Structure formats: C-alpha cells, structure tokens
Novice: 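Sharing a structure here in structure tokens format.
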Amino acid sequence: MTKKLYSALLTSFNADGSLNEKGTREIVRHNIDVNHIDGLYVGGSTGENFMLQTATKKRIFEIVKDEAGDDCDLIAQVGSIDLQESKELANYVVNDLGYKTISAVTPFYYNFSFPEIKYYYDEIVKDVDANLIVYSIPALTGVSLSLDNFAKLFENPKIIGVKYTNADFFLLERLRNRFPDKKILFGTDEMLLPALSLGVDGAIGSTYNVNAARAQSEIKAFEAGDMKKALDIQHQTNDLISAILNNGLYQTIKLLLQDMGVAAGYTKEPMHKPTPEMESVAHDIYNKYLK
Ligand code: HMN
C-alpha cells in the first residue's frame, strides 16, 4: 500500500471531562496493534482539541508520543485562533517531544483576511524545525482557501501539504494537478474512493479508529486496479458511516471502541453523554458491521 492511512485520534475523557490518560493510551495502542495504522493525527477535531486548555493539549501530545514512540508516524495539530498558543504548542511538540510534522487548522471565527492567514502559518513554522500540513475543513471553520491561496501558502518550503476535509473535488483535482509534490491527505472518510481516484497521498479520518481494515482493503483494491472491489468496500463503509453519523459521530465511535475492549471514555461537554438508546444502537452497529 503506497497511500497512507492515518486515524484522527480520539481522546478518552472521564465522566467529569478530565483527561483519561489510560484510555487515551489504549486508543493509541489499538490503532497501532490492531488497526496497523500508518500514523495518527493528534489534536484534531476528533480529539475534541478545540475544547481543551493548553496544558491538556500538551499532556495529550506527550502521552501519545510516549505510547506510540516510533511505531507510527505522528502529526500534531497545533492550530488555534490564539497564535501565541499555536507557537507555544509547535515549539513544545517539536523541541520537547520530537514530533517531526505539525499541522494547523485555518484560523477561524473572525473572518481573517488571506494575508492574515498566511502570516499565521508562516509564524507557526518560523522557529521550529518541522514541516507543516495545512488543515482545511471549511464546513467547520467557514474558511475556504482558493487554489491561489494554497499556492501562496506553499511558497513556504516548510509547508508541505494539506489535510483536505472538503467535498470540493474540482479544487482537489486542481490542487493535485498544480502541486504534484505536495502531500494531500484526504479527510472525508465517506468519499475516500473518489479522492483516491484524484491522486491523494493518503487519508486521515475519525472512522479509521474502528474501520481501518476496510479502508486498507479499499486502498489495496484501488492500487491493484480492482475498482469494483474498491467501490463495494466504499458502499459497506458508507452503510457504517451513515449509521455512525445518525447516532452521534464521536460518541458512537467511542462506544464502538468500547465494544472492542478499548476504554475510549466520554466526549467532553458541551457534547452530551450517550443516552441508553445511543448505546444500544452502537452495539447493533458493532454487531452488524464490525464484529
Ligand atoms: C480531525 O480529527 O481533525 C479529522 O481528521 C477530522 C476528519 O476529517 C473527520 N471530520 C470530522 O470529524 C468533522 C472525518 O473523519 C469525519 O468524521 C468522517 O468523514 C465522518 O463524516
């Protein structure tokens, strides 16, 4: 498999919202030992990162590095609309923990101009010896980067690619065509196959925490030219993803991991705790698609 599969790492929280370190380590191990994942995207949306304090973000980066060591590739998402925090986290993960690749979400909420966005990225990588992957997720941030915006960001040689969580396949094709040497990691799991056909280098997603085996088989079938098999797997995958989305995304993935014996814990408030009904649906999803 030449294309890489990364899980967007979940964080395990206790019922009171504090970090469950043991559970978080179990999620890391499950991804490495059972899922045989190529890498982990740490501190992204799936990690509930944007609801966390700086000290908790740092502790998660620390325990993930400690648990994973060099067993898989690690990407630390350090972006925040507090640029000073982003720089502090970048410095911490690279210089204190030894992460080699960082990523940063586009700064959101204030309708920053493109020159402000470019300044943000250049500042984050300026003082660290690491490469950066832009995290573009317009549906959650409201920030859409154009092809020319990407070209300007990519002028910085330390900005090596994009985690592209977007259903705009025209822009994806234009990016692939214009930047053959930049890394494009696709972030919408339910659309993996069309993204593979446009030449992405791999994928990062939340559902790979529980559904990596199908995604790996799909990538292998795609690379072997067996489009029928790859599409069949995408259909099965999307039955699973639809069921997960209908029941509550992160809560359900955590419940599915619990069915696999992993202490994935709770989501963080204001996300709600799973109801008994959600738990029961999650068991059914597990039995139907993942057992
Ligand atoms: C991250 O944790 O930052 C991600 O990689 C996010 C990833 O793109 C996911 N998007 C969101 O959770 C909003 C997808 O994996 C997504 O969960 C999946 O495609 C189901 O819709």
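Keep in mind that the numbers below use all heavy atoms, side chains included, and drop hydrogens, waters and symmetry copies. From a predicted model like this one, the values you see are computed outputs, not experimental measurements. Counting starts at 1 for both ligands and their atoms, following the listed order.
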Novice: Using a 4.5 Å cut-off on heavy atoms from C-beta on, say whether the side chain of M191 contacts that of F169.
Specialist: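 The answer is yes, as the side chains (C-beta and beyond) meet within the 4.5 Å cut-off.
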Novice: Please state which protein non-hydrogen atom is closest to atom 20 (C) of ligand 1 and give its distance, to 0.1 Å?
Specialist: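 Ranked first by proximity to atom 20 (C) of ligand 1 is E190 OE1, 3.4 Å.
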Novice: Please check if Y289 and I233 belong to a single hydrophobic cluster, counting links between Ile, Leu, Val, Met, Phe, Trp and Tyr side chain heavy atoms closer than 4.5 Å.
Specialist: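 In one cluster: no.
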Novice: Within the 4.0 Å heavy-atom shell around T46, which atoms of ligand 1 are there?
Specialist: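 Ligand 1 atoms under the 4.0 Å threshold to T46: 1 (C), 2 (O), 4 (C), 6 (C).
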Novice: Which residue in the set N31, D33, D38 passes side chain to side chain donor-acceptor pair (under 3.5 Å) when paired with N35?
Specialist: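 Among the candidates, only N31 passes.
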Novice: To check your reading of the model: name the closest protein heavy atom to atom 16 (C) of ligand 1, its residue, and the distance in Å.
Specialist: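 That would be S206 OG, 3.6 Å.
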Novice: Closer than 4.0 Å to some heavy atom of L140 - which atoms of ligand 1 meet that?
Specialist: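 Checking each atom against L140, I get 13 (C).
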Novice: Return yes if a side-chain donor-acceptor contact under 3.5 Å exists between Q236 and D232, otherwise no.
Specialist: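 Absent: no donor and acceptor within the cut-off.
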Novice: Less than 6.0 Å separating the ring centroids of F179 and F154?
Specialist: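 Centroid separation for F179 and F154: below 6.0 Å.
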Novice: If you draw a 6.0 Å radius around CG in N111, do more than 12 non-hydrogen atoms from other residues or ligands fall strictly inside?
Specialist: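 No - once you tally the heavy atoms of other residues, nucleotides and ligands closer than 6.0 Å, there are 12 at most.
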Novice: Determine whether the side chain, the backbone, both or neither of T165 has a heavy atom under 4.0 Å from any heavy atom of ligand 1.
Specialist: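 For T165, the contact with ligand 1 is made by the side chain alone.
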Novice: Any nitrogen or oxygen of S45, main chain or side chain, under 3.5 Å from a nitrogen or oxygen of ligand 1?
Specialist: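 Between S45 and ligand 1, an N or O pair is found under 3.5 Å apart.
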Novice: Would you mind running through ligand 1 and noting each atom that sits below 4.0 Å from a heavy atom of I204?
Specialist: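 This gives 5 (O) as the contact atoms.
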Novice: Show the atoms of ligand 1 that are less than 4.0 angstrom away from any heavy atom in D189.
Specialist: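 Contacts of ligand 1 toward D189, numbered from 1: 14 (C), 15 (O), 18 (C), 19 (O).
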Novice: What do we get for I244 next to ligand 1 when only non-hydrogen atoms under 4.0 Å count, side chain, backbone, both or neither?
Specialist: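 For I244, there is no contact with ligand 1 at all, from either part.
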Novice: Counting only heavy atoms from other residues, nucleotides and ligands, does the tally under 6.0 Å from NZ of K229 exceed 12?
Specialist: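 Not buried by this count: 12 neighbours or fewer within 6.0 Å.
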Novice: Is the terminal nitrogen or CZ of K3 (NZ for Lys, CZ for Arg) located under 6.0 angstrom from the six-membered ring centre of F222 and within 45° of that ring's axis?
Specialist: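 Because its charged atom misses either the 6.0 Å distance or the 45° angle limit, K3 does not stack over F222.
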Novice: If you have a sec, work out which protein heavy atom is nearest atom 4 (C) of ligand 1 and how many Å separate them, to one decimal?
Specialist: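 Going atom by atom, the protein heavy atom closest to atom 4 (C) of ligand 1 ends up being K163 NZ, 3.2 Å.
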Novice: So is there a nitrogen or oxygen of T188 less than 3.5 Å from a nitrogen or oxygen in ligand 1?
Specialist: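 In fact, backbone or side chain, T188 has no N or O that close.
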Novice: Tell me whether Y250 reaches ligand 1 (any heavy atom closer than 4.0 angstrom to a ligand atom).
Specialist: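 Per 4.0 Å heavy-atom rule, Y250 contacts ligand 1.
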Novice: For M191 and ligand 1, answer yes if some heavy atom of the residue is under 4.0 Å from a ligand atom, otherwise no.
Specialist: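 False for this residue.
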Novice: Please say whether more than 12 non-hydrogen atoms of neighbouring residues, nucleotides or ligands are located less than 6.0 Å from CD in E269.
Specialist: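 Result for CD/E269: open.
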Novice: Please work out which of the three classes, parallel, tilted or perpendicular, describes the rings of F150 and Y164, given edges at 30° and 60°.
Specialist: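 Plane angle between 30° and 60°, so tilted.
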Novice: Pick whichever of A139, G205, G187 has a heavy atom sitting closest to atom 14 (C) of ligand 1.
Specialist: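 When every heavy atom of A139, G205, G187 is considered, G187 comes closest to atom 14 (C) of ligand 1.
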Novice: Under a 4.0 Å heavy-atom limit, does L9 contact ligand 1 with its side chain, its backbone, both, or neither?
Specialist: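 For L9, no heavy atom sits under 4.0 Å from ligand 1.
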Novice: At a 4.0 Å threshold, what atoms of ligand 1 neighbour a non-hydrogen atom of L249?
Specialist: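 In order of numbering, the contacting atoms are 12 (O), 17 (O).
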Novice: Show which atoms of ligand 1 fall inside a sub-4.0 Å distance from at least one heavy-atom site of A8.
Specialist: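 Answer, ordered by atom number: 1 (C), 2 (O), 4 (C), 5 (O).
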Novice: What protein heavy atom sits nearest atom 3 (O) of ligand 1, and how far away is it?
Specialist: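 Going by distance alone, atom 3 (O) of ligand 1 is nearest to Y135 OH, 2.6 Å.
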Novice: May I ask you to say whether D70 pairs ionically with K65, meaning some side-chain N is under 4.0 Å from a carboxylate O?
Specialist: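 The answer is yes: the pair qualifies as a salt bridge.
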